[in-house]
Each structure stands twice: as C-alpha cells, then as structure tokens.
Amino acid sequence: MDELFSLFINSVFIGNILLAYFLGMCSFIAVSKKIQTASGLGFAVIFVLAITTPLNWLIYHGLLAPGALSWMGLPDIDLSFLKYITFIAVIAALVQAVEMIIDKFSPVLYASLGVFLPLIAVNCAILGTSLFMVERNYTFIESIIFGTGSGTGWMLAIVSMAAIRKKLAYADVPKSLDGFGMTMIVAGLMAMTFMMFSGITL
Amino acid sequence: MSNETTQYKEILFKGIWRENPVAYQVLGICSALAVTVKMSTAIVMSLALTLVTAFSSMIISSMRNKIPSNIRIIAELAVIASMVIVTDEILQAFFYDISKQLSIFVGLIITNCIVLGRAEAFALANNPLDSFVDGIANGLGYSLVLIAVAFIRELLGAGEFLGFPVIPAFIYDAGYQNMGLMLLAPGAFFIIGLLVWLKNSISGSKK
Amino acid sequence: MSDNNFDKNSKKNVIQFALMLSVICSLLITGAASGLKNLQQENIKLDKKANILKAANLINKKPSKTEILRLYNEHIKEGMVNQKGEPAKIEADDTLHLYYYHTNNVIDGYILPINTKGLWGKIRGYLAFENDGQTVSGFSVFSHSETPGLGGEIENAWFRKNFKGKKILNSQDKFVSVGIAKGKVKNLPKNLQDHYVDGISGATLTGKYLSEGIKATLTRYEPLSISFRQKEMKTLEK
C-alpha cells in the first residue's frame, strides 16, 4: 500500500510527465491560456490515462509480450514490436468515446475544448505513459496508479501554467519573447519547483 | 526546370527557417527536449524524425485521392506508426547504444505533431515529390533547433562536444564548474525559450 | 488524374482501402521486426558482455565488437554456486549465477549480477570483486529506468569509478556491504568512508534502493565471498 502511494506521489511531482519528461507539451502550450479550458482538458486527460494505461497493460501482457501467448499454446512468439500501433489504436478509440460522452453531457465544455479533444489522441503524454508502463514493468495495479498519477501531474502543470499566464498578461513582455518563448521560461521555473519534491522522503 | 528548383528552394526555406516547425509553428516540442542532453542522441533523433516525416508525407500524398475522409486520421497514423516501428527496429539492430538512450522517444515520433501536422497541412494537397521535400525541410528545421539546444546543454552542462571534453583543464582549475542545471529539465526549457526569442527577434514572430 | 465514377468515400472503397493498408503495413512491420531480430539479440548479448568487462575494469571507452568478444572469451567464465558458496554443476532453483574473471585459469576476481528495484524500474548491473573476497574492483550498470540527469547518473563514469577500492568488511571483519551515501563520502565519519560512495544530488531514493539491493545480493553471495577470503578459490576447475 505504501509502495502504491509512493508511486502515485512520485508520478505527480518528482517524475511529472510534463515537467520532468517533457511529454504532452503541444496541447500544454496551446490550451493553457484559460484556466477553465485547461482544467477541462486536464480532467479529460486524467480520465483517458487512467483507462488506457491498464487497458494497454492487459493487451501487452496478454497478447504482445514475449511469451505472452503461452495461454494459447504459442510461448515462443514475441509480438512486442506491435505495441506502438496497438497502443495508439486503443488510445484513439477511447478518445473518440470520450468525445462523444462530453458532447452529450456538456456541450459547452465540448465547444470550448474544440479541436483539442481529438488532439488528446496524439498527446505524447498518453502514449508515453503506456510506453513507460511497459519499460518499467509495472503490475496491473501499478499501471492504474501510474496512469492516474501521470494524468494528475499533467493536469497540475497545465492548470498552474494557465494561472501564471493569466497574470503574465499584465506584465510587459518583449514582443519576440511573448507567447512560446515566455511559456518555455515559465515552464522551466515550474520544473525547478517540482524538482524540489525529490528531497522529500515518504 | 529552374521553376521547380525555385519551388523546392522555397519549400526548404520555409520549412527550415521562416516557418520553422518548432519556433514558429510551435510543433514537435514533446520529445525534443528530452533527447537534447547529448548531441549524439539529438542527431539520431533528428535524423529519425526527418526521414519519418519525409517518407510518410510522400506515401500519404501518393494516396491522397484514395483515402476515405472518415478514416483519414487513422490511415495517416497507420502509415506514420509503421514508418516509426521500422525505424525503431533498424535503430535497435544497427545503433543499439543510442537506441538504449533514446528509449521510448523514438516511438513517440508517432505522436509528434510535426509528422501528423505536415501530413494534414501539406501532403494531402500536394504531390508526392513536393511532400517529400517538405518533410525533409520541416525535419531539418526541427533538427536545427534540436541540435542547437543539445549543443548548448552538452557544452554548458558537461563541458563536452559530441562526447569529447572541450573545456581545457585550466578553466576548471580556476574554479569553473559544469552547469548541472543544463542537464536537467529546467535547463532545456530555458535554453529553448531563449533560442526562440532570438530567432523571433531576427525573423519576426507569428501574430 | 480524376478517375471517372471513383468515390473515395464509398463503403466499398473504405473497406478495400482499410484492408490494403492493413496488409501492407503488417507485412512491412513484421518483415522488419523478424528480419532484424537476430541482429538485435546479438546486440543485447554483446552489451551484457561489455558491461561485465566494464565492471572488471577490463575495458574503457568505446571498445570494438571484436575486442569485447576476445576479452570476454579470454578472461570471463560463467559459473554457478549453490547456497553454501560451493561450485555447482547442476542448475537448481536456488543456484546463484556469477562470472569469474581469470587469466589463464587463475582467478583474479569475481563479478556478481545486481538486479534490484530502483525508483522507477529495475536496475541491472554488475559488481566486481578482487579475489580477496572483500574489495570491490568495479561497478557497471546494464539497464535502468531512472530519471535522466538524476538517478540516471548511476550509469556515468564519475559515479561508478568511486566503487573501486571500497570494502564490504569493516575493520572488525564484519560484513557491512557497500552503499550509496546521502551526500559526499568525505562528510561521513572516517570509519564509514571505505563502505560508501558519493551520492547523487537529487536522487536520494535511487541511491537508497541501490544500496538495499546491493546489500541483499551480497548477503546471498556471502558464503562464496568467504571462500575467497579463505583463499579457497584459486583456479577454475576443469
């Protein structure tokens, strides 16, 4: 139980998927202008991650990993090279489903998220989390915790960035630095703050 | 003939500088920063991305009149994913050490906005050869930024260039120390922010 | 260029297109994967051998493939011991694996595989000892999932070379293992300095997990180390 809690906290803060591993930046920069859109997208990402990571775990360990097909009597087959294409298919399918759900229950949110919702499918953080899950050999439960943790960390970063950018609107940023350049520098400062968490032992 | 060369030059110039995918279009940052700790990984990553973008744009462009609209994105992803998987397999076979360091980031080329972005924005509306050139151009633009960031990070953070120590010992003896921050996440963010500021000051930013 | 009556959105075309694309992609991917598989496996084996040699300080930077194979074949022999530290001929469930480092069948040292949990995933490496059974001669990391720049520093030369010369027995001949300090070793009390290496700043947890893993592994191999200390292991048996 301790281990799982520690994994969760690590995924949110020390190994924050965005601020430490740089995944999920595209939408991060584009959507972090308004806090409401940012948190809406953040929740969607948490949801997608919490479901796709364990789902991909099942597919990987049940079908693709070396020796996974032994339940079918084919222990020598190694289909792990198919993981990229299978994971992304699962992610794209789930995002499509999430899109339809959001459209049904909150057309306002759907309208404000606009094109960014389908873009979750190509958000590197989603695919990246599944790939890390494979690389680090997590168990099923760990994959659920890791997925949720990564999503929470991503949302934390994007919402904080939106809040900071709102304040930045009143600052006198040089024209060439404004926009992307400034966001990067702020992200760097945020990354430094999150690194501070690595000194905490639980 | 000269019309075509000027056309290619135009595509190249746009992709590499004026509409640089990273600095201007703000695409493809994701994996960019993680592999720029060393120049060797940045160079291999840039090569991989450039080739994937060029070939997938070319293939998608050659199919552009046949792809049904409702499975367009999935079809594009399928082509891109296949190119990436083949690239990953080749890297593991011929450049094992580097592929170990690149770990999951080669796979993440699939979700790299540049590849999909160029497929949607260019390949669907232009012929295969132009699309190939456009892919190379944007790939080179991406490489430019990546290698520049990696050069600075490796130099300041480890005192090395392509793995070779270049800062003479007497400078270390005088008290200079490697800037460890450059090897970590914040360093990457700062460098790229400053580089983009520089680039936009020279060539004007998107407004 | 426009085909007459060709509707790319027709149901027939969607299915035809999807099928064709799937077939071509599958062939391409599977072809590449199976065709290159042998080369890839070879690379992994070679990397393992290179790391074993690195731990024993037999190679430095960028050795060639032929050099790795030559050095490995000349100087390294795989071995097995049982729980009591005696050489084992048959592999059982509790057999411990290791590598002997020898010159002309005279044992110069032994190399133990380290496989411990890290902050994110497993850390796999090799810890090499001199034939006195208590002095570390080297350490190498073969694979890990630690954060680059933080825990990931364990694979870098500056961290690994500090292991050389450390002792796993203290001055009272008690087994204390070797660990990663929190901070610099020179800040520890003098009597502990031989049993720790400098920590990595910002990666305390990685250091902690690695220390625990090394201690657990060394405890399992203690009977073997004792035979070395008692000078019972001089030559490789035929």
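Because only heavy atoms are used, hydrogens play no part in the values below, and waters and symmetry mates are left out as well, while side chains stay in.
- A:T53 and A:L49 get closest at one heavy-atom pair: OG1-O, 2.7 Å.
- Neither the backbone nor the side chain of A:I126 comes within contact range of chain B; no heavy atoms are under 4.5 Å apart.
- Using a 4.0 Å cut-off between charged nitrogen and carboxylate oxygen, B:E120 and B:R72 count as a salt-bridge pair.
- For chain B, the nearby parts of A:A187 are the backbone and the side chain; heavy atoms of each come within less than 4.5 Å.
- Counting heavy-atom pairs closer than 4.5 Å to chain B, the top-ranked of the candidates A:A20, A:A89, A:P174 is A:P174.
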message = Pair A:N123, A:W154 - check side-chain contact (heavy atoms from CB on, under 4.5 Å), show working.
response = CA-CA 11 Å; A:N123 184 322; A:W154 193 86; 3.5 Å; yes
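- With A:T139 contributing its side chain and A:E142 its backbone, the two residues share a donor-acceptor pair below 3.5 Å.
- For A:I88, the part lying under 4.5 angstrom from a heavy atom of chain B is the side chain only.
- Looking at A:T193, its side chain does come within 3.5 Å of a backbone N or O of A:L189 through a donor-acceptor pair.
- Contacts with chain A (heavy atom to heavy atom, under 4.5 Å) involve these residues of residues 80-88 of chain B, listed by number: B:A81, B:S82, B:I85, B:D88.
- Between B:V196 and A:G181, the shortest heavy-atom contact is CG1-N, 4.4 Å.
- Only the side chain of B:E89 comes within contact range of chain A, judged by heavy atoms closer than 4.5 Å.
- Aromatic ring pairs are classed by plane angle as parallel below 30°, tilted from 30° to 60° and perpendicular above 60°; the pair A:F146 and A:F132 is perpendicular.
- When all heavy atoms of B:N127 and B:R64 are compared, the closest pair comes out as CA-NH1, 3.9 Å.
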